[in-house]
Amino acid sequence: MLFEQAYTELELIDRHILVLKFVVERGPIGILKLSEETGMQAHKVRYSLRILEQNGLIKPSQQGAIAGDNVAPFLQCVEERYESIRKLVGAIETTEKSIQKN
């Protein structure tokens with residue numbers, strides 16, 4: 001259906017942010033410990049770590065992942081991003097409701 005891809009992407013973002021939270025709060029932390037603490041499969045944790053590293057949100061170290069240089073700027077703009085998503089969802093709902101009335 002139309003919403004499946006968007007929902008899947010939001011679930012992925014949720015997972016990445018959860019992994020980021022654990023790295024920021026408990027880093028350095030390795031894949032196995034993250035998997036154990038989050039309840040996620042190791043291959044999913046590994047993928048999230050890769051995405052977070054590509055975005056400068058975490059860095060690898062010999063002891064495990066640590067917070068990267070882009071965490072603070074990311075956290076500063078995250079509410080703005082959420083608000084943009086809320087507005088877009090609101091616009092979709094308004095359009096959908098106008099279709100139902102016709």
Side-chain angles (χ1 to χ4, degrees):
M1 191 150 157
L2 291 175
F3 293 100
E4 294 302 320
Q5 184 177 356
Y7 188 81
T8 299
E9 289 296 323
L10 287 171
E11 283 184 319
L12 197 54
I13 291 168
D14 181 46
R15 188 175 86 207
H16 295 335
I17 297 216
L18 180 61
V19 170
L20 177 62
K21 176 186 184 315
F22 275 83
V23 171
V24 168
E25 292 177 354
R26 301 177 190 188
I29 188 167
I31 293 171
L32 295 178
K33 186 70 170 172
L34 274 167
S35 179
E36 178 184 304
E37 299 222 1
T38 62
M40 291 181 211
Q41 297 172 342
H43 73 277
K44 290 184 176 186
V45 169
R46 188 176 295 110
Y47 178 72
S48 289
L49 289 172
R50 185 177 331 126
I51 296 301
L52 294 169
E53 183 179 359
Q54 288 172 354
N55 286 276
L57 296 171
I58 65 161
K59 298 187 277 193
S61 76
Q62 288 186 344
Q63 296 80 26
I66 58 173
D69 298 331
N70 291 341
V71 172
F74 170 77
L75 294 175
Q76 287 176 344
C77 75
V78 75
E79 188 57 41
E80 186 178 298
R81 300 289 182 167
Y82 293 152
E83 187 56 32
S84 296
I85 292 169
R86 286 184 199 102
K87 286 180 183 178
L88 182 57
V89 169
I92 292 167
E93 286 177 325
T94 300
T95 302
E96 181 269 330
K97 287 177 182 174
S98 72
I99 293 170
Q100 288 182 352
K101 289 179 182 178
N102 293 330

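Note that these values count all heavy atoms, side chains included, but never hydrogens, waters or copies made by symmetry.
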Novice: In Å and rounded to the nearest 0.5 Å, what is the CG to NZ distance from Leu12 to Lys44?
Specialist: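 Here the rounded value is 9.5 Å.
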
Novice: Check whether Val24 and Leu18 end up in the same hydrophobic cluster, where Ile, Leu, Val, Met, Phe, Trp and Tyr are linked by side-chain heavy atoms less than 4.5 Å apart.
Specialist: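 Looking at the clustering, Leu18 is in the same group as Val24.
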
Novice: Using a 6.0 Å cut-off, check whether atom CD of Gln5 has over 12 heavy atoms from anything other than its own residue.
Specialist: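 Incorrect, the count does not exceed 12.
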
Novice: Output yes when Glu53 and Arg50 qualify as a salt bridge under the 4.0 Å nitrogen-oxygen rule, no when they do not.
Specialist: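 Answer for the salt bridge query: no.
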
Novice: Tell me whether the count of non-hydrogen atoms from other residues, nucleotides or ligands lying under 6.0 Å of CD in Glu11 goes above 12.
Specialist: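 More than 12 heavy atoms, drawn from other residues, nucleotides or ligands, come within 6.0 Å of this atom.
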
Novice: Do side-chain atoms of Ser48 reach the backbone of Val19 as a donor and acceptor pair under 3.5 angstrom?
Specialist: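 Such a contact is absent between Ser48 side chain and Val19 backbone.
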
Novice: If I compare all heavy atoms of Pro28 with all of Ser61, which pair ends up nearest, and what's the gap?
Specialist: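 That closest heavy-atom pairing would be CB-OG, 3.9 Å.
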
Novice: Is the shortest side-chain heavy-atom distance between Val45 and Thr38 below 4.5 Å?
Specialist: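 Heavy-atom side-chain distance check passes, below 4.5 Å.
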
Novice: Quick one, Leu52 with His16, criterion side chain to side chain contact (heavy atoms under 4.5 Å, CB included). Give me CA distance, side-chain angles, the key distance, then yes/no.
Specialist: CA-CA 7 Å; Leu52 294 169; His16 295 335; 4.2 Å; yes

Novice: Between Glu93 and Lys97, is there a salt bridge with N-O shorter than 4.0 Å?
Specialist: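 Looking at Lys97 and Glu93, the cut-off is not met.
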
Novice: Are the side chains of Glu83 and Arg86 in touch, meaning some heavy atoms are under 4.5 Å apart?
Specialist: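 Of all side-chain heavy-atom pairs linking Arg86 with Glu83, at least one is under 4.5 Å.
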
Novice: So how far is it from Ile13 CD1 to Leu10 CG, rounded to the nearest 0.5 Å?
Specialist: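 Here the rounded value is 5.5 Å.
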
Novice: What are the two closest non-hydrogen atoms of Gly68 and Lys59, and how far apart are they?
Specialist: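 Closest approach of Gly68 to Lys59, heavy atoms only: CA-CG, 3.9 Å.
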
Novice: Might you point out which heavy atoms bring Leu57 and Val71 nearest each other, and give the distance in Å?
Specialist: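 For Leu57 versus Val71, the nearest heavy atoms are O-CG2, 3.0 Å.
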
Novice: A quick test of your reading: do over 12 heavy atoms of other residues, nucleotides or ligands sit less than 6.0 Å from CD1 of Ile17?
Specialist: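 Above 12, so yes.
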
Novice: Say you draw a straight line from CZ of Arg15 to CD1 of Ile51; how long is it, rounded to the nearest 0.5 Å?
Specialist: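 Between atom CZ of Arg15 and atom CD1 of Ile51 there are 9.0 Å.
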
Novice: Are Leu75 and Tyr82 grouped together when hydrophobic residues (ILVMFWY) are joined by side-chain heavy atoms under 4.5 angstrom apart?
Specialist: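 Yes, same cluster.
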
Novice: How long is the gap from CZ on Phe74 to CZ on Arg81, to the nearest 0.5 Å?
Specialist: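 Reported value, rounded in 0.5 Å steps: 9.0 Å.
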
Novice: Membership question, hydrophobic clusters at under 4.5 Å side-chain separation (ILVMFWY): are Met40 and Tyr7 in the same one?
Specialist: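 In one cluster: no.
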
Novice: Measure the spacing between CG of Leu49 and CD1 of Ile58 and express it to the nearest 0.5 Å.
Specialist: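 With rounding to 0.5 Å, CG (Leu49) is 4.5 Å from CD1 (Ile58).
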
Novice: Of all heavy-atom pairs between Ala42 and Ile31, which one has the smallest distance, and what is that distance?
Specialist: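 Distance-wise, the nearest heavy atoms are O-CG2, 3.9 Å.
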
Novice: To the nearest 0.5 Å, tell me how far Glu25 CD sits from Leu20 CG.
Specialist: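 It comes to 9.5 Å.
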
